[in-house]
Amino acid sequence: MKIAVLPGDGIGPEIVSEAVKVLRALDLRLEMEHALVGGAAYEAYGHPLPPATLSLCKSADAVLFGAVGDPKYDRLARELRPEQAILGLRKHLQLFANFRPAICYELLSHASSLRPELVAGLDILIIRELTGDIYFGQPRGRRVSPDGDFAGAPEAFDTMRYARPEIERIAHVAFQAATKRGQRKCVTSVDKANVLETSQFWRDVVNEVHAFYPDIALEHMYVDNAAMQLVRAPKKFDVIVTGNMFGDILSDEAAILTGSIGMLPSASLNDTGLGLYEPSHGSAPDIAGKGLANPLATILSAAMMLRFSLDQAQAADRVEAAVKAVISRGLRTDDIYSEGCSRVGTQPMGDAVVAHL
Ligand code: NAD
C-alpha cells in the first residue's frame with residue numbers, strides 16, 4: 001500500500017511526522033513517499049502543487065496531508081498561493097466525498113459549547129458531497145431581472161443542480177461508511193425536499209440506493225430540523241449524508257460541538273477509494289516550529305485512511321483506541337489542556353500513542 005505524504009507548511013511537518021511514526025508502529029506493509037506541497041513547494045519549484053507531487057498522489061492508494069499556508073504568501077497571485085494546492089488536489093483527484101467526523105471524548109467534553117452530558121461520547125460522521133450543488137451549478141451570474149415583481153431590477157442567481165450519478169455515488173459512500181463504522185448502522189440523509197426539486201430528486205435517488213444496503217437504516221431529515229437536532233441531541237445521529245451547501249454548514253456546526261480544533265480529522269474520497277486525509281485545522285503559523293501543535297487530528301486522519309482507503313479497519317480501531325488511551329491518561333497538548341492534566345508537546349504526544357500501540 002502506497003501513501004503519498006505531503007507535510008506542507010507551518011505545523012504540517014511536525015504533526016505529519018507524528019502520524020507517520022504511528023503508521024510505522026502498526027507493522028503493516030506501507031510504502032510512504034514524501035513530496036512538497038503548498039508554500040514549501042512554491043519555494044522549491046515556484047508552484048504550490050508541482051507536477052511531481054500531483055503524479056505521486058495519483059499513483060498512491062492514499063494521501064496523508066498536513067496543512068498549507070502562511071501569511072507571507074498572501075500577496076502572491078491567487079493561483080500561486082499555498083491553499084490552491086488543496087483545490088487542485090480535489091479537482092485532479094475528483095475527491096467528491098468529504099468525511100468529517102465529530103468525535104467528543106468524555107474527558108474533553110468541557111471544551112464544547114454545549115453541556116458536557118449532551119456531547120460526551122459523541123461519535124458522528126458527516127459526509128458532504130463536495131463537487132456539485134449550488135456551488136458549481138450553471139448558469140449563474142448577474143443580469144437585469146426579466147420578469148416578476150422586480151422586472152427591470154438588477155439581480156443575481158445561482159443554480160442548484162444534482163445529476164443522478166452524483167447522488168448515487170455519494171449515497172453509496174454513506175451507506176458503506178455506516179457499514180464499516182459498525183455502530184448504529186443508520187444513515188440520516190439531509191435535504192430540503194419540502195421546498196426544493198433538487199432535494200426531492202436527492203431523496204428519491206438515496207431511497208433507490210438504500211435498497212442495496214438492507215442492514216442499514218435510512219431516515220430523511222429536513223436541513224432546518226437537522227441543524228436543530230445537532231445541538232439538541234447530537235448523539236442520536238450516526239452517519240449524516242448531505243449536499244455540498246447543507247454539508248458545508250452542518251459540518252462546521254458539528255465540529256464546534258466537540259470544542260477542539262486540534263482533535264478533528266477529515267477525509268476527501270473519490271470513487272476509486274483514493275482519499276486525501278488531513279486534519280480539519282490549518283497550518284497554525286503562530287505555533288509552528290515550537291513543538292506545541294496537537295498531532296492527534298492528523299493521527300486520527302491516518303486512522304481514517306487505514307479504514308477508508310487501505311481496508312485496515314482493525315488497525316484503524318487500534319489507533320483510535322490508542323488516542324483515547326493517551327487522553328484517558330491525562331496527556332494534553334496546550335490546546336486541550338485543563339488543570340490537573342500533564343502538559344506535553346507534539347513529539348511526546350505522538351510517542352505516547354506509539355507506546356500505547
Ligand atoms: P488554523 O487552523 O491554522 O489556526 C487557528 C488557531 O488554532 C490558531 O491559534 C492555531 O494555533 C490553533 N491550532 C490549529 N491547529 C492546531 C493544532 N493542531 N494544535 C494546536 N493548536 C492548533 O487557522 P488560521 O490561523 O485561520 O490559518 C492559518 C493558515 O492555515 C492560513 O494560511 C490558512 O489559509 C491556512 N489553512 C489551511 C488549511 C489546510 O491546509 N487545509 C485549512 C485552514 C486554513
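Counting starts at 1 for both ligands and their atoms, following the listed order.
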Next item on the list: Indicate, with yes or no, if M32 and L357 share a hydrophobic cluster defined by side-chain heavy-atom contacts under 4.5 Å among Ile, Leu, Val, Met, Phe, Trp and Tyr.
Entry: yes

Check: Is L95 reachable from L310 through a run of hydrophobic residues whose side-chain heavy atoms are each under 4.5 Å from the next?
Finding: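 Hydrophobic grouping puts L310 apart from L95.
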
Considering only protein heavy atoms, which is closest to [atom], and at what distance to one decimal place?
{"atom": "atom 21 (N) of ligand 1", "answer": "I287 CD1, 3.6 Å"}
{"atom": "atom 29 (C) of ligand 1", "answer": "S283 OG, 3.2 Å"}
{"atom": "atom 7 (O) of ligand 1", "answer": "I261 CG2, 4.0 Å"}
{"atom": "atom 43 (C) of ligand 1", "answer": "G282 CA, 3.6 Å"}

From [atom], work out which of [options] has a heavy atom at the shortest distance.
{"atom": "atom 16 (C) of ligand 1", "options": "L276, I11, D9", "answer": "I11"}
{"atom": "atom 9 (O) of ligand 1", "options": "I86, L264, D286", "answer": "D286"}
{"atom": "atom 15 (N) of ligand 1", "options": "K72, E14, H281", "answer": "H281"}

As a test of the contact definition, would [atom] count as having a protein heavy-atom neighbour under 4.0 Å?
{"atom": "atom 2 (O) of ligand 1", "value": "yes"}
{"atom": "atom 5 (C) of ligand 1", "value": "no"}
{"atom": "atom 33 (C) of ligand 1", "value": "yes"}
{"atom": "atom 26 (O) of ligand 1", "value": "no"}

Note to self: Show, in sequence, the C-alpha distance, side-chain angles and deciding distance for E117 and R115, and conclude whether the salt bridge (charged side-chain N to carboxylate O under 4.0 Å, His left out) test is met.
What the structure shows: CA-CA 6 Å; E117 67 269 25; R115 288 200 308 275; 2.8 Å; yes

In terms of atom number and element, which parts of ligand 1 are under 4.0 angstrom from non-hydrogen atoms of [X]?
{"X": "D70", "answer": "32 (O)"}
{"X": "A67", "answer": "40 (O)"}
{"X": "E83", "answer": "31 (C), 32 (O), 33 (C), 34 (O), 35 (C)"}

Notebook entry, point to check: In this structure, which one of I240, N98, L269, I170 forms a side chain to side chain contact (heavy atoms under 4.5 Å, CB included) with I127?
Noted result: I170

Region of [X] that comes within reach of ligand 1 [heavy atoms, distance under 4.0 Å]:
{"X": "P285", "answer": "side chain"}
{"X": "V68", "answer": "both"}
{"X": "N294", "answer": "both"}

Notebook entry, point to check: Are any of the N or O atoms of E278 closer than 3.5 Å to those of ligand 1?
Noted result: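 For ligand 1, there is an N or O atom that lies under 3.5 Å from one belonging to E278.
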
Next item on the list: Determine whether any heavy atom of A293 lies closer than 4.0 Å to an atom of ligand 1.
Entry: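 It does, in that a heavy atom of A293 comes within the 4.0 Å cut-off of ligand 1.
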
Note to self: Tell me whether R161 forms a cation-pi arrangement with F136, defined as NZ or CZ under 6.0 Å from the six-membered ring centre and within 45 degrees of its axis.
What the structure shows: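 Relative to the ring axis of F136, which defines the angle, R161 lies outside at least one limit.
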
Check: Measuring from L250:CG to F237:CZ, what's the distance to the nearest 0.5 Å?
Finding: 8.5 Å

Item checked: Gap between atom CG of L64 and atom CG of L276 - 0.5 Å precision ->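 Rounded to the nearest 0.5 Å, the CG-CG separation comes to 8.5 Å.
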
Notebook entry, point to check: Going through the distances and angles, do E129 and Y135 end up as a side chain to side chain donor-acceptor pair (under 3.5 Å)?
Noted result: CA-CA 11 Å; E129 200 289 329; Y135 292 171; over 6 Å; no

Item checked: Parallel, tilted or perpendicular, as decided by the 30° and 60° cut-offs, for the rings of H172 and F212 ->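 Because their plane-to-plane angle lies in the 30° to 60° range, the rings of F212 and H172 count as tilted.
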
Next item on the list: Could you tell me which non-hydrogen atom of A35 sits nearest to which non-hydrogen atom of P7, and how far apart they are?
Entry: O-CD, 3.6 Å

Check: If you count the non-hydrogen atoms of other residues, nucleotides and ligands that lie under 6.0 Å from CZ in F150, is the total more than 12?
Finding: no

Next item on the list: Using a 4.5 Å cut-off on heavy atoms from C-beta on, say whether the side chain of Q176 contacts that of R181.
Entry: no

